[in-house]
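Numbered from 1 within each chain, the chains take letters A, B, ... in sequence-line order.
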2 protein chains.
Amino acid sequence: MASFTQTKRLLRYRMGLIRLKKMGLEKVFSYTLGKEVGVSAELVRKDFSAFGIKGHRRGGYEVDDLLSSLEKIFGKDRIQNVIVVGMGNMGRALSMYKGFREHNMNVVAGFDIDPAKLNKKFHIPVYSMESLGEVIEAFNVSVAVLAVPEVAAQETANQLVSHGISGILNLAPVLLKTPDHVLVNNVNLMVELERLMYHSGVIQ
Amino acid sequence: MASFTQTKRLLRYRMGLIRLKKMGLEKVFSYTLGKEVGVSAELVRKDFSAFGIKGHRRGGYEVDDLLSSLEKIFGKDRIQNVIVVGMGNMGRALSMYKGFREHNMNVVAGFDIDPAKLNKKFHIPVYSMESLGEVIEAFNVSVAVLAVPEVAAQETANQLVSHGISGILNLAPVLLKTPDHVLVNNVNLMVELERLMYHSGVIQ
DNA sequence: TTTTTATTGTGAAATATATAACTATTTTTG
DNA sequence: CAAAAATAGTTATATATTTCACAATAAAAA
C-alpha cells in the first residue's frame, strides 16, 4: 500500500495528466509531468515504478496508459458516493462544487440539525440527522465530509461511525476520537493560512 | 526556522491549548496535549524545546506560558489582514467564516471579476480586480486566499504577486508559477477526499 | 532527610522520504 | 551500421522526521 504522501502525489499526477491531455499531449516525460505538478522527475518515475506502471525508455509514458492505471488504482471506473454533514457556509459551498463530477464523485445528500435548512433550496437534497442511516445504506456511502462547528464535531462523527462510515474528511479543528477501522483526514484552513503567514515571512 | 510540518503541529498545539484552557486547565503535560492534538508526547516536548519553551520537570507546562509563547511565534499579538480572491461558493463561504476572528485574522475584502458579484450583499466588501493594488496597500495585506476557478488561477496569482502579495493559500487544483520570494500553500479538497477513499479501503 | 516517582529534556536509533548518481534501453544521427 | 543522445528504471546516498531510551530534576512520599 502506498504511503499517504505518495497517494497525494499520484492524485496530483492524475489531475496534471488530465490537463496535459486536454492540451493535446499523448505522451509525457517524467520531467514534464513533474514540472506540471511540482515533483522531481525521479520521484515521478519512482512513484510509477512502485505501482508497476511502465514507460518507454527514451519514449516517455503514454498519457492514456497513465490515466487508466491511475483510474484503476483509485477506483475511478465507478462513481463514488459522498455525503456532506453540516450545511453551514462550508458545507453548502462544497455541495455546490462542480469538481466532484470531474473526479467521478457524487454528493448524494447533505445533513443538518437545523430544521430551517431542510426546506431551503440547495443543489442536493438536505436531510435531518435522523435519515443518516437510511441514506448511507441506500447510496452505499462510506465516506463523509464533516463540516459542522467544532463543538458538534465529535458527536456527529460518532453518529457517522455508528452508521458505518469508514472515512471522514474532517474540516473541524478538533482531533476526532474514532475506532481504528475509521480513517480521518483533517483539513484545517485556518492552520494552513497561519503557517503560510509564518513561512512567507509576514510575521516579525 | 521551523519546518513546514513542525509549524502545523505548533498551530495545532495552540488550538488544543485554547480548548484545554476553556475547560479550566492551567497546566498541561506533554502527554495530555499530545493526546488532544494527535501527536506523541516526545514530539510535543521536542517541538517546544526547539523554540526554547520550557516546562517544569515533573510539573508539566503552564498553559498561559505556552499560549503566549505560541502567540509570539505566530505574531498573534496583532491582527493579520487577509483578502479572498474569487467570490464563488468557496470564496463566499470563507469570507463568512467566523474562525478568522478567533485566530486574530481579518478578511478585509473580497475580489471578483464578475461585476454582478460587486453589488451583492456579502459580509465583507467585494471589489473588482482593478482595486486590488489599492486595497492591498491600504490594509497592508501580504497574504491572499485564492479561490478562483482552475483556468483563472495562474493569471490571478500573477496579479496578486505584481501587487506585492507574498503568500498565497491556493485552493485551485493547479501548481502556480510564482517568483521565489512568494510562498504558495496548496490545499486541494478533492485530493484530500480521494486519498481518504483510497486509504480507508473503500476502493476495490 | 532519604527514597521513590513522575515528568521534562535530549542524544541516539529508526524510519520515512527525497535526491543523486548510475545503468539499461531505445531512438536518432552521422 | 556504429556512435551519440535521451530517457526510463534502479540502486545508493542524503536528508528529514519520528520514536526510543535514558539522564536530569523536581515533587511527593516514606
K.L.:
Expressed in angstrom and rounded to an integer, what is the separation of A:Q6 atom CD from C:dA18 atom P?
P.N.:
9 Å
K.L.:
Can you find a side chain N or O atom of A:S3 that sits less than 4.0 Å from OP1 or OP2 on C:dT17?
P.N.:
yes
K.L.:
For each nucleotide in nucleotides 21-30 of chain D, reading 5' to 3', give B when a protein heavy atom comes within less than 4.0 Å of its base, S when such contact involves only the sugar-phosphate, and - otherwise.
P.N.:
--BBBBBS--
K.L.:
Could you tell me the separation between the OH atom of A:Y31 and the P atom of D:dT7, rounded to a whole number of Å?
P.N.:
11 Å
K.L.:
Taking the side chain from B:D112 and the backbone from B:M87, do they hold a donor-acceptor pair closer than 3.5 Å?
P.N.:
yes
K.L.:
Would you mind reading off the distance between A:Y61 atom OH and D:dA6 atom C1', rounded to a whole angstrom?
P.N.:
14 Å
K.L.:
For A:D47 and C:dT19, give me the distance from atom CG to atom P, rounded to whole Å.
P.N.:
11 Å
K.L.:
Any luck finding a side-chain donor-acceptor pair between A:Q154 and A:N158 under 3.5 Å?
P.N.:
yes
K.L.:
Give a yes/no on whether any side-chain N or O of B:S40 is located under 4.0 angstrom from OP1 or OP2 of D:dT18.
P.N.:
no
K.L.:
Do side-chain atoms of A:T156 reach the backbone of A:A152 as a donor and acceptor pair under 3.5 angstrom?
P.N.:
yes
K.L.:
So does B:R9 get a side-chain nitrogen or oxygen closer than 4.0 Å to the phosphate oxygens (OP1/OP2) of D:dT17?
P.N.:
no
K.L.:
Hey, does the side chain of B:S49 come within less than 4.0 Å of C:dT10's phosphate (OP1/OP2), counting only N and O?
P.N.:
yes
K.L.:
Could you tell me if B:R195 sits above the aromatic ring of A:F4, with its cationic atom closer than 6.0 Å to the ring centre and no more than 45 degrees from the axis?
P.N.:
yes
K.L.:
With the threshold set at 4.0 Å, does a side-chain nitrogen-carboxylate oxygen contact exist between B:D64 and B:K21?
P.N.:
yes
K.L.:
Does either side chain, that of A:Q80 or that of A:H103, offer a donor lying less than 3.5 Å from an acceptor on the other one?
P.N.:
no
K.L.:
Between the base of C:dT7 and the side chain of B:K27, is there a donor-acceptor distance below 3.5 Å?
P.N.:
no
K.L.:
Return no unless some side-chain N or O of A:S30 is found under 4.0 Å from OP1 or OP2 of D:dA8.
P.N.:
yes
K.L.:
Starting at atom CG of B:L33, determine the distance to atom P of C:dT7, rounded to an integer number of angstrom.
P.N.:
14 Å
K.L.:
So A:K46, base contact, sugar-phosphate only, or nothing? Heavy-atom distance under 4.0 Å.
P.N.:
base
K.L.:
So does A:V184 get a backbone contact from the side chain of A:N170, meaning a donor-acceptor N/O pair under 3.5 Å?
P.N.:
no
K.L.:
By the 4.0 Å heavy-atom rule, please label A:F48 as base, sugar-phosphate, or nothing.
P.N.:
nothing
K.L.:
Whole-Å distance between D:dT15 P and A:L43 CG?
P.N.:
17 Å
